[in-house]
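Computed from a predicted model, the values in this text were never measured in an experiment.
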Amino acid sequence: MKLGTVPRAALVLAGSLLSVVAAAQTAQTAQTSAQQGGSQAGSQGGLTIPDEVQFLGRGDPNVRKATAIVNGDVITESDIDHRLGLVVASNNIQIPPDEMQRIRAQILRNLIDETLQIQAAAQRDIEIEQREIDQAYVRVAERAGYNRQTFAPYLRSIGSSERSVRRYITADLAWRRLRQRQIDPYVNVGEEEVQAIIQRMTASRGTREFHVGEIYIEASAENP
């Protein structure tokens, strides 16, 4: 399968990783809701999301060094390599050589987003416990047909690592919990809105539907 562009959602360990992290978050909903009452008054202000990202440019691909520094947190070429291994293995794709640099840049942006999510949650004193990460990691391994001991060797065999999976789990849990505290309490969905959507779905049943896809064309000097 030739790859034109990788959608953002593909830059994770496919659906199993997403569903496992969501399940882990659901298990913590009651505890988080109880904590919201005490912290809500002090958390209604705008988020102060870190925006200092230092790109260090290209270098020798055989030398492992920092690619970006996000408010002191380092993202290395190895981090990109390991996430790339997940993308290739979980989506069963082969990336053409002329697409590799662009895909790696997209993965880097995704890793920067994850770093900012973890930092933003930390600013609000949101801490993800190690046991939560461990539980989600084991579920990911089981969904992939492995256990905790055999999953790490498998990840290494596809050019990835346990650290890469745990990094994604941590970022996703942190960001979900931050949204729970900062946004969800102020979002109200009325019964009329729900019924209106149900009526539209019922009315459209049996009619022709279209699946709309996005074609991404990167701008360049030759193609502004």
Side-chain angles (χ1 to χ4, degrees), residues 6-53 68-75 79-80 82-83 86-87 90 106-141 143 162-198 201 214 216:
V6 177
R8 182 180 178 83
L11 303 181
V12 297
L13 188 56
S16 62
L17 183 55
L18 290 171
S19 60
V20 168
V21 172
Q25 179 64 20
T26 301
Q28 295 295 323
T29 299
Q31 177 181 352
T32 305
S33 299
Q35 294 173 344
Q36 286 176 357
S39 60
Q40 181 171 325
S43 62
Q44 294 181 2
L47 289 177
T48 308
I49 298 180
D51 55 7
E52 178 190 349
V53 179
I69 301 176
V70 185
N71 298 318
D73 288 337
V74 177
I75 299 174
D79 293 326
I80 299 174
H82 294 169
R83 187 59 59 86
L86 288 177
V87 172
S90 62
Q106 190 170 350
I107 290 174
L108 174 59
R109 289 194 294 270
N110 198 64
L111 292 173
I112 290 172
D113 286 347
E114 291 177 9
T115 302
L116 291 173
Q117 289 170 351
I118 294 172
Q119 291 176 350
Q123 286 184 338
R124 296 293 179 180
D125 297 324
I126 295 174
E127 182 179 356
I128 307 301
E129 296 183 8
Q130 188 61 46
R131 63 177 180 82
E132 301 175 61
I133 301 172
D134 291 342
Q135 291 169 357
Y137 178 82
V138 169
R139 292 191 185 99
V140 171
R143 294 281 181 87
E162 179 179 343
R163 180 176 180 272
S164 185
V165 176
R166 288 178 177 273
R167 178 193 182 101
Y168 173 77
I169 291 173
T170 303
D172 194 89
L173 287 174
W175 192 243
R176 285 170 181 265
R177 198 153 301 167
L178 182 61
R179 281 172 23 210
Q180 244 184 9
R181 177 183 296 182
Q182 296 294 125
I183 299 175
D184 292 355
Y186 313 106
V187 176
N188 296 313
V189 179
E191 181 63 25
E192 293 181 358
E193 298 176 86
V194 175
Q195 292 302 322
I197 293 176
I198 293 176
M201 294 174 63
E214 178 182 2
Y216 172 78

message: In the structure I gave you, are the side-chain heavy atoms of Thr170 and Gln117 within less than 4.5 Å of one another anywhere?
response: no
query: Should the pair Arg83-Glu114 be classified as a salt bridge under the 4.0 Å nitrogen-to-oxygen rule?
result: yes
query: Once you round to the nearest 0.5 Å, how far does CG of Asp79 lie from CZ of Arg167?
result: 5.0 Å
message: Any donor-acceptor pair under 3.5 Å linking the side-chain atoms of Gln106 with those of Asn110?
response: no
field: Pairwise distance CG(Asp73) to CD1(Ile118) - rounded to 0.5 angstrom
entry: 8.0 Å
query: Which of these passes salt bridge (charged side-chain N to carboxylate O under 4.0 Å, His left out) with Arg177: Glu127, Glu132, Glu129?
result: Glu132
query: Just how far is it from atom CD of Gln135 to atom CD of Gln130, taken to the nearest 0.5 Å?
result: 10.5 Å
statement: Closest heavy-atom pair, Ala121 versus Leu178, reported as atoms and distance to 0.1 Å, is N-CD2, 4.1 Å
- request: Could you tell me which non-hydrogen atom of Leu108 sits nearest to which non-hydrogen atom of Ile75, and how far apart they are?
  value: CD1-CG2, 3.8 Å
Which atom of Ser164 lies closest to which atom of Leu86, heavy atoms considered: OG-CD1, 3.8 Å
task: Take Arg124 and Arg181 through the side-chain contact (heavy atoms from CB on, under 4.5 Å) test and state the conclusion after the steps.
output: CA-CA 9 Å; Arg124 296 293 179 180; Arg181 177 183 296 182; 3.9 Å; yes
task: Would you kindly say whether Gln119 and Gln123 are connected by a side-chain donor-acceptor distance under 3.5 Å?
output: no
- request: Verify the neighbour count for atom CD of Gln195: are there more than 12 heavy atoms of other residues, nucleotides or ligands below 6.0 Å?
  value: yes
- prompt: Once you round to the nearest 0.5 Å, how far does CD1 of Ile126 lie from CZ of Arg176?
  reply: 13.5 Å
- prompt: Atom CG in Leu116, atom CG in Asn71: separation rounded to 0.5 Å?
  reply: 7.0 Å
- request: Grab the two heavy atoms, one from Tyr137 and one from Val165, that are nearest each other, plus how far apart they are.
  value: CD1-CG1, 4.0 Å
message: If I take atom CZ from residue Arg131 and atom CD1 from residue Ile133, how far apart are they, to the nearest 0.5 angstrom?
response: 11.0 Å
